[in-house]
Amino acid sequence: MTDLRAVELVSRDGTWRNVVVEGGRIGTLDALRAEWDGVTLRSVRIDYLSLPSAALGDVRIVGCEIGTLDVPEARLTRVRFDDARADEVDTRGLRSTDVDLTGLEALSFTDPRGLAGAWLSPRQSELHAASFAHALGIRIAP
């Protein structure tokens, strides 16, 4: 799909295999409990990307701007972000294997504990150090 434009795209419980979405703007992409295998999102602006309880494998998100990325209780395997941006990432209960977040500029993570096992850049770990410490119960002196 090229230059997709939609206010809302609903794919709950859907399966996407070997799909490339390139360019365009989506208000809400609702993929609750979806299964994505071999999916690439490239240069897409998505205001709200909802993937709770989804299973994502071999997924690339490249050059995308995402307002809110919700992945609570999702299973991510071999997922990579390149030159992507998200305002908020909901990671409550996230389970991940071989997830590369080094190319994701995120302003905040709802629950940093969900990032266990994910790759971050040194810059990302420094930027989010206070919230990581708070999530672990570590108090930081003023």
Side-chain angles (χ1 to χ4, degrees), residues 1-140:
M1 293 182 264
T2 303
D3 202 28
L4 176 64
R5 299 198 180 275
V7 172
E8 183 176 39
L9 177 58
V10 179
S11 180
R12 292 180 178 171
D13 299 302
T15 300
W16 289 15
R17 296 213 192 296
N18 302 317
V19 173
V20 176
V21 178
E22 187 162 359
R25 170 116 192 225
I26 302 169
T28 298
L29 175 48
D30 183 354
L32 171 74
R33 295 181 307 270
E35 291 186 27
W36 287 9
D37 183 28
V39 173
T40 300
L41 301 177
R42 183 176 293 123
S43 301
V44 182
R45 179 174 168 96
I46 305 169
D47 295 328
Y48 181 52
L49 178 53
S50 178
L51 294 159
S53 301
L56 279 61
D58 297 309
V59 171
R60 289 195 61 210
I61 298 177
V62 182
C64 293
E65 289 189 34
I66 302 166
T68 299
L69 172 58
D70 278 352
V71 286
E73 303 298 327
R75 291 183 326 275
L76 278 56
T77 306
R78 294 178 308 281
V79 174
R80 179 181 174 103
F81 290 82
D82 293 306
D83 194 29
R85 183 184 188 312
D87 292 337
E88 180 182 2
V89 183
D90 184 349
T91 55
R92 291 173 293 147
L94 176 66
R95 296 173 310 269
S96 61
T97 304
D98 194 20
V99 173
D100 186 348
L101 299 175
T102 59
L104 175 65
E105 181 182 333
L107 297 180
S108 69
F109 296 99
T110 302
D111 185 358
R113 291 173 292 200
L115 299 175
W119 286 94
L120 295 175
S121 71
R123 181 177 179 273
Q124 288 170 310
S125 62
E126 289 172 12
L127 287 173
H128 297 286
S131 64
F132 293 168
H134 179 73
L136 295 171
I138 299 169
R139 295 182 293 177
I140 300 173

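This one's a predicted model, so the numbers in the text were calculated from it and none came from an experiment. One-based numbering along the sequence shown.
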Any donor-acceptor pair under 3.5 Å linking the side-chain atoms of T28 with those of D30? no

Which atoms form the tightest heavy-atom contact between P52 and L32, and what is the distance? CG-CD1, 3.4 Å

Residues R85, D83: salt bridge by 4.0 Å N-O rule: no

Would you check if D47 and R25 make a side-chain contact, meaning some heavy-atom pair closer than 4.5 Å? yes

Derivation of the side chain to side chain contact (heavy atoms under 4.5 Å, CB included) call for V89 and L104: CA-CA 10 Å; V89 183; L104 175 65; 4.3 Å; yes

With rounding to the nearest 0.5 angstrom, report the CD1 to OG distance, I61 to S43. 12.5 Å

Answer yes when R78 and D98 have at least one side-chain N-carboxylate O distance shorter than 4.0 Å, and no when they do not. no

Atom pair CD1/NE2 of I140 and H134 - distance to nearest 0.5 Å: 9.5 Å

Measure across S125 and F132 and return the closest heavy-atom pair with its distance rounded to 0.1 Å. CA-CE1, 4.1 Å

To the closest 0.5 Å, what do you measure between CG (L94) and CZ (R75)? 11.0 Å

Do side-chain atoms of T91 reach the backbone of D111 as a donor and acceptor pair under 3.5 angstrom? yes

Tell me the closest heavy-atom pair linking P112 and S131, and the distance in Å. CG-O, 3.7 Å

Nearest 0.5 Å, what's the OG-CG distance between S121 and D100? 9.5 Å

Side chain to side chain, L51 and L69, heavy atoms closer than 4.5 Å: yes

May I have the step-by-step check of salt bridge (charged side-chain N to carboxylate O under 4.0 Å, His left out) for R60 and D58, ending in yes or no? CA-CA 7 Å; R60 289 195 61 210; D58 297 309; over 6 Å; no

W16, CH2 atom: more than 12 neighbouring heavy atoms under 6.0 Å: yes

Check whether the side chains of Y48 and D70 place a donor and an acceptor atom closer than 3.5 Å, and report yes or no. yes

Let's go through L4 and L9 carefully: what are the C-alpha distance in whole Å and the side-chain angles of both, what is the deciding distance for side chain to side chain contact (heavy atoms under 4.5 Å, CB included) to 0.1 Å, and is it a yes or a no? CA-CA 10 Å; L4 176 64; L9 177 58; 4.0 Å; yes

What's the spacing between R92 CZ and E73 CD if we round to 0.5 Å? 8.0 Å

Where is the tightest heavy-atom contact between A116 and S96, given as atom of each residue plus distance? O-OG, 3.4 Å

To the nearest 0.5 Å, how far apart are CD1 in I46 and CD1 in I26? 4.5 Å

